[in-house]
Q: 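Below: one structure in C-alpha cells.
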Amino acid sequence: MKVITAPEALDLKGSYSVFLAGSIEGDTVQRWQDIVIEKLKNKEGMLLNPRRDAWDASWKQDIENPVFKAQVCWELEALEKADLIVMYFDKSTKSPISLLELGLFAKSGKLVVCCPDGFWRKGNVAIVCERYNVSEVQSLEALIDEVKMKMG
C-alpha cells in the first residue's frame, strides 16, 4: 500500500485509491489514519491522507493564504479522484469540515462512514447516510473491514 500525504502530487496511476476523510482537529483526536494505514499496509492500492506532518495551526485559514489554499485544494482533488472515501467521525470532535465533505460526496456512491454513538451530530449523519444509501458502520475496525472488502 502506498500512502500519499498532502501536499504530495496525486499521481494515482490507475491504482485503487482510498481517501481518509474525517476527524483530525490537531492532536486532540486519536490518529485513526495511522491505524488504518497500518492495518492496510499489505493491500494493493493507494491511501490518500490529508493529515500532514508539517501542518501549522497558526496558518490563517483564508483563501489568500497560499499554503492553506493548497491544502484545501489538494483535499478536494483527492476526494474527487479517490475510488473510495472512508469517513471517520471521532466522538470527541466537532469535525465541521468532515460534515461539509459528507454533504459534498453523499451522492457520489463512494462513501463509507463510521460515526460512533456519542458524536454530537450522529443523528444528522445517520439520516444523510440513510437518505443517500451511504454505508455506515459503527467502529473503526468495521470501517477497515469495509475497505478490505472493497479492495478485494
Q: Report, one line per pair, each donor and acceptor closer than 3.5 Å where one atom sits in a side chain of residues 125-141; sequence neighbours left out.
A:
residue : atom : partner : partner atom : Å
E136    : OE2  : K122    : NZ           : 3.1
Q138    : OE1  : K122    : NZ           : 3.2
S139    : OG   : A142    : N            : 3.1

Q: Kindly write out the residues that satisfy ring pair (Phe, Tyr, Trp, His ring centres under 6.0 Å) with F19, not counting sequence neighbours, or none if the list is empty.
A: none
Q: Before giving the answer on side chain to side chain contact (heavy atoms under 4.5 Å, CB included), spell out for V147 and V112 the whole-Å C-alpha distance, their side-chain angles and the decisive distance to 0.1 Å.
A: CA-CA 8 Å; V147 175; V112 177; over 6 Å; no
Q: Indicate if I144 and V3 have the same hydrophobic cluster label, given that clusters are the connected sets of ILVMFWY residues with side-chain heavy-atom separations under 4.5 angstrom.
A: yes
Q: Are Y16 and I85 joined in one hydrophobic group, where the rule is that I, L, V, M, F, W and Y side chains link up if heavy atoms are under 4.5 Å apart?
A: no
Q: Does some side-chain heavy atom of L20 sit less than 4.5 Å from a side-chain heavy atom of V36?
A: yes
Q: Contact between E101 and I97 at the side-chain level, heavy atoms closer than 4.5 Å - yes or no?
A: yes
Q: Sequence neighbours excluded, which residues qualify as ring pair (Phe, Tyr, Trp, His ring centres under 6.0 Å) partners of W74?
A: none
Q: Enumerate the side-chain hydrogen bond (donor to acceptor under 3.5 Å, both in side chains) contacts for residues 104-113, please, sequence neighbours excluded, ordered by first and then second residue.
A: none
Q: What pairs meet the ring pair (Phe, Tyr, Trp, His ring centres under 6.0 Å) rule with one or both residues in residues 75-116, with sequence neighbours excluded?
A: W32-Y88, F89-F119
Q: Say you draw a straight line from CD of E77 to CG of L10; how long is it, rounded to the nearest 0.5 Å?
A: 5.0 Å
Q: If hydrophobic clusters are built from ILVMFWY residues whose side chains come within less than 4.5 Å, do I35 and L84 share one?
A: yes
Q: Give, for atom NZ of K91 and atom CG of D117, the distance between the pair rounded to the nearest 0.5 Å.
A: 8.0 Å
Q: Residues in side chain to side chain donor-acceptor pair (under 3.5 Å) with D83, at least two apart?
A: S17
Q: For E146, enumerate each residue passing the salt bridge (charged side-chain N to carboxylate O under 4.0 Å, His left out) test, keeping only those at least two apart in sequence or located in another chain.
A: none
Q: Is there side-chain contact between L111 and L102, with at least one heavy-atom pair below 4.5 Å?
A: yes
Q: State, to 0.1 Å, how close N49 and Q33 come at their nearest heavy-atom pair, and which atoms those are.
A: OD1-CG, 3.6 Å
Q: At their closest point, which heavy atom of M151 faces which heavy atom of V18, and how far apart are they?
A: SD-CG2, 4.3 Å
Q: Consider only side-chain heavy atoms of I, L, V, M, F, W and Y, link residues closer than 4.5 Å, and tell whether M149 and L143 are in one cluster.
A: no
Q: Just list the side-chain donor-acceptor pairs under 3.5 Å for residues 40-48, sequence neighbours left out, or say none.
A:
residue : atom : partner : partner atom : Å
K41     : NZ   : E38     : OE2          : 2.7
K43     : NZ   : G152    : O            : 2.4

Q: Which residues satisfy the salt bridge (charged side-chain N to carboxylate O under 4.0 Å, His left out) test with K94, sequence neighbours excluded?
A: none
Q: Look up atom CG in D11 and atom CD1 in I4, then write down how far apart they are to the nearest 0.5 Å.
A: 7.0 Å
Q: Name all residues meeting the ring pair (Phe, Tyr, Trp, His ring centres under 6.0 Å) criterion together with W120; count only those two or more places apart in sequence or in a different chain, and write none if there are none.
A: none
Q: Would you tabulate the side-chain donor-acceptor contacts of residues 61-73 under 3.5 Å, counting partners in other chains and residues two or more places apart, or write 'none'?
A:
residue : atom : partner : partner atom : Å
D62     : OD1  : E64     : N            : 2.7
N65     : OD1  : V67     : N            : 3.0
N65     : OD1  : F68     : N            : 3.4
N65     : ND2  : K60     : O            : 2.9
Q71     : OE1  : R52     : NH1          : 2.7
Q71     : NE2  : P50     : O            : 3.0
Q71     : NE2  : E75     : OE2          : 2.7

Q: The criterion is salt bridge (charged side-chain N to carboxylate O under 4.0 Å, His left out); which residues satisfy it with E80, sequence neighbours excluded?
A: none
